[in-house]
Amino acid sequence: MSASDQTPVASNSVREVVTADIERGTFGGRVQTRFPPEPNGYLHIGHAKAITVNFGIAADFDGTCNLRFDDTNPDTEEADYVDAILADLAWLGYPLDRAALFASDYFEQLYEWAELLIEKELAYVDEQDGETISAQRGGYGKPGIESPFRARAAEENLALFRRMRAGDFADGSHVLRAKIDMQHENMQLRDPVMYRIRAGHHHRTGDQWKIYPTYDWAHGQSDAIEGVTHSLCTLEFDSHRALYDWYLGHLPLPFEKPCQTEFARLELTHTIASKRKLMRLVDDGTVDGWDDPRMPTLRGLRRRGYPSLAIREFCSFIGVARTNSRHQIELLESFVRTNLNKVALRRMAVLRPLKVVITNWPVGDDGEPVVELMELNNNPENADDGTRMVAFTGEFYIEQDDFRAEPPPKYYRLTPGREVRLRGAYFVTATGFEADTDGQVTEVRVTYDPDTRGGSSPDGRKVKSTMHWVSAAHAVDGTAVLYDRLFTAEVPGDETGDPFDDLNESSREIIMGAKLEPALGDVEPGQVVQFERLGYFAADPRERLLFHRTVGLRDEWAKIQRRNS
RNA sequence: UCCGGGGUCGUCUAAUGGUAGGACAGCGGUUUUUGGUGCCGCCUGUAGGGGUUCGAAUCCUCUCCCCGGAACCA
């Protein structure tokens, strides 16, 4: 049974929490989650898990999940990213049942709540610089010390805070801090910053605001405003939960207080997902852009030909736990293969062509070699995909790998004196070959058996292998791009600390002059087909006759060769 | 160093006091007009020590190991 046929795991750590809440009646049985990306980069495979978890939990409990852009930092965020995220989310296959929301829409409410905390003497304006504040915070096992501005009267804080909003102060000169506990063992609770002054232009509020809320001050409150019940986030926010609860506990909320629950983020072998590092790959020119097929971005995976369904199935299959883990990329690839095997049309393409000539091929009345139309199956996994006619004549191409003058052990393919099947065409037997001065085979001569038309012999004799081919006279030239992992190490940077030390220098191989069967000229942009015996290939969205290898087929012969070497 | 979170086959993930199961990977077989697919089989695991119990991956306890936390990032 293949992975994707498995029923999803029956339980996971988040589902248990939600189930318990429902049994307890905590939110009146209501379940609402949210996916909160920051619009400062493109979505990647890690986000796909977060999306699957949030939308999945909502669906499982008949609840809702909204998209909220966590746009609290004008310095890094851009409207372009908002559009890209919306597009990627739609491609992944999670339609929004409600328009996208923005944390920036709550800036006024957040501001009012901040004034409320000041009035309750739970927040104060600090005039020290960042370095000083950081130093005063103390360290692990070492208590912090209180700011000299901590004891300021509420009225003074209020006046100062209003002037911060009005733009009376320079960037970095003042912050609003929550007054919690500078001795607290959880550093997050040592008077965290709620507001900082930023002169930047915000992608939605423009220049209206001079002060911007920090993540912690914005996130839980945004959840509360939206009526979120379960705020699901990754493990590194675990220590922020106390702060999340502290803020919410001091505010008059329109709904019941949401609760934060953490789960492990998705990590994959041979892959990095940090936005900063992905950005570096783009900036360095290591990859061609955010949609380079080697990128773990959703747009990269899409261009590579990964079906969004395979990504979703993978994400549900791996489950949700609190264990730090790193999944092998092979598992994702197995979902891609399983998925594509069912839907990808079969086509023939020869990547590294070797010319073969049939010496007993008939010539027609016009003096030209006869051309026959052979009927080939479009997909043995799906009869509904039907068949197609493919032209065959006395000269065609096979892969260079498919002929050996001197066959190694276990080699089943064409070799002098051996008979093999050309898929859907004829049995041929190699009778000779030409080689250049380097010993490189340049042409193979074969004879064919006219009684084996279609690929089966009337006398029932067997051949060891079936090979793909493309008629020389009918071939269309195209380009195939082969990809390997971007990083050679399972955990990039594990050895040296710098993932870029593990960059795979040959992660891409461009093969021009591939010989394609003519039907490959009609493939829709983005469509994925199987090149028989070679792998799944996605037609480039823009350039015709350019194919990206999504993933190779499992390759028994390659394994044998690896073992023998 | 303090606080928090974790540790089940190679990698993930189930088992919530009652037969340690599944997937991927690997290995072998079988089917096959893709050395693909399918099917069958094999392989390997509860971090360690004590305890509670008829019975422990699960509860208690000590130890070890890993991850996260000291942005005016999220």
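Just so it is clear, the structure is predicted and the values come from calculations on it, not from any experiment. Reckoned from all heavy atoms, side chains included, excluding hydrogens, waters and symmetry mates.
Contact check, Arg421(A) against rG35(B): no side-chain N or O comes under 4.0 Å of OP1 or OP2. Considering only side-chain N and O atoms, Ser325(A) lies under 4.0 angstrom from the phosphate OP1 or OP2 of rU13(B). For rC27(B), one of the phosphate oxygens OP1 or OP2 lies less than 4.0 angstrom from a side-chain nitrogen or oxygen of Lys559(A).
In this structure, rC64(B) forms a base pair with rG7(B), meeting either the Watson-Crick or the G-U wobble geometry with both donor-acceptor distances under 3.5 Å. When both distances must be under 3.5 Å, the Watson-Crick or G-U wobble mate of rU1(B) does not exist. For rC42(B), the paired base is rG26(B) (Watson-Crick or G-U wobble, both distances below 3.5 Å).
Using a 5.5 Å limit on the distance between ring centres and a 30° limit on the angle between planes, the aromatic ring of Tyr412(A) counts as stacked on the six-membered base ring of rG35(B). In this structure, the aromatic ring of Phe317(A) is not positioned over the six-membered ring of the base of rA23(B) within 5.5 Å between centres and 30° between planes. By the criterion of a centre-to-centre distance under 5.5 Å and near-parallel planes under 30°, the ring of Tyr215(A) forms no stack with the base of rA74(B).
Residue contacts for Ser134(A): at a heavy-atom cut-off of 4.0 Å it reaches the sugar-phosphate backbone alone, with no base atom in range. Asn186(A) comes within 4.0 angstrom of no nucleic acid atom, judged by non-hydrogen atoms across all strands. Glu381(A) comes within 4.0 angstrom of a nucleotide base, judged by non-hydrogen atoms across all strands. In this structure, Gln561(A) reaches neither bases nor backbone, as no heavy-atom distance under 4.0 Å exists between it and the strands shown.
Aromatic ring orientation, Phe102(A) versus His203(A): tilted (interplanar angle from 30° to 60°). The aromatic rings of Tyr111(A) and Trp209(A) are tilted relative to each other, their planes meeting at an angle between 30° and 60°. The aromatic rings of His47(A) and Phe35(A) lie perpendicular to each other, with more than 60° between the two planes, well past the 30° mark.
In terms of polar N and O atoms assigned as donor or acceptor, the side chain of Arg241(A) never comes within less than 3.5 Å of the base of rG4(B) in a complementary pairing.
Side chains of Gln188(A) and Asn186(A): a donor-acceptor N/O pair is absent below 3.5 angstrom, by distance only.
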